[in-house]
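Read the structure below first, then the notes.
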Amino acid sequence: MSKGIIITFEGPDGAGKTSVLEEIIPFMEKEFNQPLLSTREPGGVAIAESIREIILDVENTAMDKKTELLLYIAARRQHLVEKVLPAVKEGKIVLIDRFTDSSVAYQGSGRGLDKEAIKWLNHYATDGMEPTLTLYFDVPSEIGLARIEQNKEREVNRLDLEKLDMHQKVRQGYLELAEENKDRIVTINAAQPLEKVIADTKEVILQQLEA
């Protein structure tokens, strides 16, 4: 495998996807003889990181939900053209912590915005590009929020402060996306111990990329 590909890591807050991604990097570097890039959304480049600070600032409680969506889309576009696409063209495996599915789950299912409009905006921002593989880390909202509460080192952002109902809607949105996109999205049980989640993730990656 030498062609550049994109693997996205998705999941509700507290699913542990970022922790899994960090553990997967050395495994990927050893298993695949191919350059690797790990990045995140929103962020990854200077302009997108500045937008991230605005979106996630706990003081910005007055932010309109459409404003929130459009900021995510703007950050996504800048990140894509400045960092992701050049890496793909160079033949790298690109691992992204959150991508287009997050907007559908959070701003669509969570905030109640028009999902078709969000999908159009995603398509516009990415020129219709989709990941080769999406790993969805599923965890009940109660468990995810409990993990956030227990992990004092984790960044607590504006979305973490939402009520349980919001997080449950987001999870349901992800589950619907996984059902609709079985050719791209693989669901991993993230309620298991981290070591088991990491092992399952490695197995899925090997199955999908070596198929």
Side-chain angles (χ1 to χ4, degrees), residues 1-12 15-53 55-56 71-105 121-138 153-155 174 177-178 181-190 194-211:
M1 180 180 62
S2 58
K3 179 182 177 183
I5 64 170
I6 297 174
I7 302 175
T8 56
F9 288 62
E10 294 280 0
K17 60 177 177 46
T18 304
S19 298
V20 175
L21 193 156
E22 291 172 353
E23 294 293 329
I24 287 297
I25 292 172
F27 161 77
M28 296 284 290
E29 291 174 335
K30 180 180 179 181
E31 194 68 31
F32 300 96
N33 185 27
Q34 195 165 338
L36 186 74
L37 170 67
S38 176
T39 187
R40 69 174 182 176
E41 278 204 358
V45 296
I47 293 173
E49 287 290 344
S50 295
I51 296 173
R52 178 188 180 91
E53 291 181 13
I55 295 173
L56 301 182
L71 286 171
Y72 274 115
I73 296 296
R76 177 164 300 134
R77 176 64 184 178
Q78 188 65 31
H79 178 232
L80 189 75
V81 298
E82 190 175 339
K83 191 170 189 177
V84 176
L85 291 181
V88 172
K89 289 179 181 178
E90 292 170 5
K92 294 181 179 179
I93 298 175
V94 182
L95 309 179
I96 309 179
D97 188 343
R98 297 202 181 283
F99 195 52
T100 52
D101 294 314
S102 285
S103 293
V104 179
L121 285 167
N122 274 332
H123 188 277
Y124 182 69
T126 63
D127 296 320
M129 189 205 70
E130 286 195 339
T132 305
L133 170 66
T134 296
L135 303 171
Y136 166 55
F137 297 88
D138 182 54
E153 297 181 358
R154 182 186 185 278
E155 171 195 54
Y174 270 125
L177 282 168
N181 299 275
K182 292 182 178 180
D183 58 328
R184 174 175 64 85
I185 301 177
V186 178
T187 300
I188 295 173
N189 179 6
L194 180 59
E195 294 75 14
K196 182 65 168 64
V197 178
I198 293 170
D200 287 353
T201 303
K202 291 178 179 178
E203 182 179 349
V204 168
I205 290 174
L206 289 175
Q207 288 177 346
Q208 295 292 320
L209 298 192
E210 295 185 346

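All values derive from a computational prediction rather than experimental measurement. Worth knowing before you read on, the calculation uses all heavy atoms, side chains too, and leaves out hydrogens, waters and symmetry mates. The chain is numbered in sequence order, starting from 1.
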Would you name the heavy atoms of [X] and [Y] that are closest together and state the gap between them?
X: A87; Y: L37; value: CB-CD2, 3.6 Å
X: D101; Y: L177; value: O-CD1, 3.6 Å
X: H79; Y: A48; value: CB-CB, 4.4 Å

Could you walk me through whether T18 and D97 pass the side-chain hydrogen bond (donor to acceptor under 3.5 Å, both in side chains) test, one step at a time?
CA-CA 7 Å; T18 304; D97 188 343; 2.6 Å; yes

Determine whether R40 and R52 satisfy the following criterion, side-chain contact (heavy atoms from CB on, under 4.5 Å), listing intermediate values before the conclusion.
CA-CA 10 Å; R40 69 174 182 176; R52 178 188 180 91; 3.3 Å; yes

State whether the side chain of R76 and the backbone N or O of L71 hold a donor-acceptor pair below 3.5 Å, judged by distance alone.
no

Backbone N/O of G91 and side chain of Q34: donor-acceptor pair under 3.5 Å
yes

Decide side-chain contact (heavy atoms from CB on, under 4.5 Å) for M129 and L85; before the verdict, give the C-alpha distance in whole Å, the side-chain angles of both, and the deciding distance to 0.1 Å.
CA-CA 10 Å; M129 189 205 70; L85 291 181; 3.7 Å; yes

side-chain contact (heavy atoms from CB on, under 4.5 Å) partner of I5, chosen from L95, L133, L209, V88
L209

pair F99-T134: side-chain heavy atoms closer than 4.5 Å:
no

Euclidean distance, L121 CG relative to T100 OG1, rounded to 0.5 Å
12.0 Å

Nearest 0.5 Å, please: how far is CG in L80 from CD1 in I96?
7.0 Å

Salt bridge D127-R77, side-chain N to carboxylate O under 4.0 Å
yes

Flag yes if more than 12 heavy atoms outside F27 fall under 6.0 Å of its CZ atom; otherwise flag no.
yes

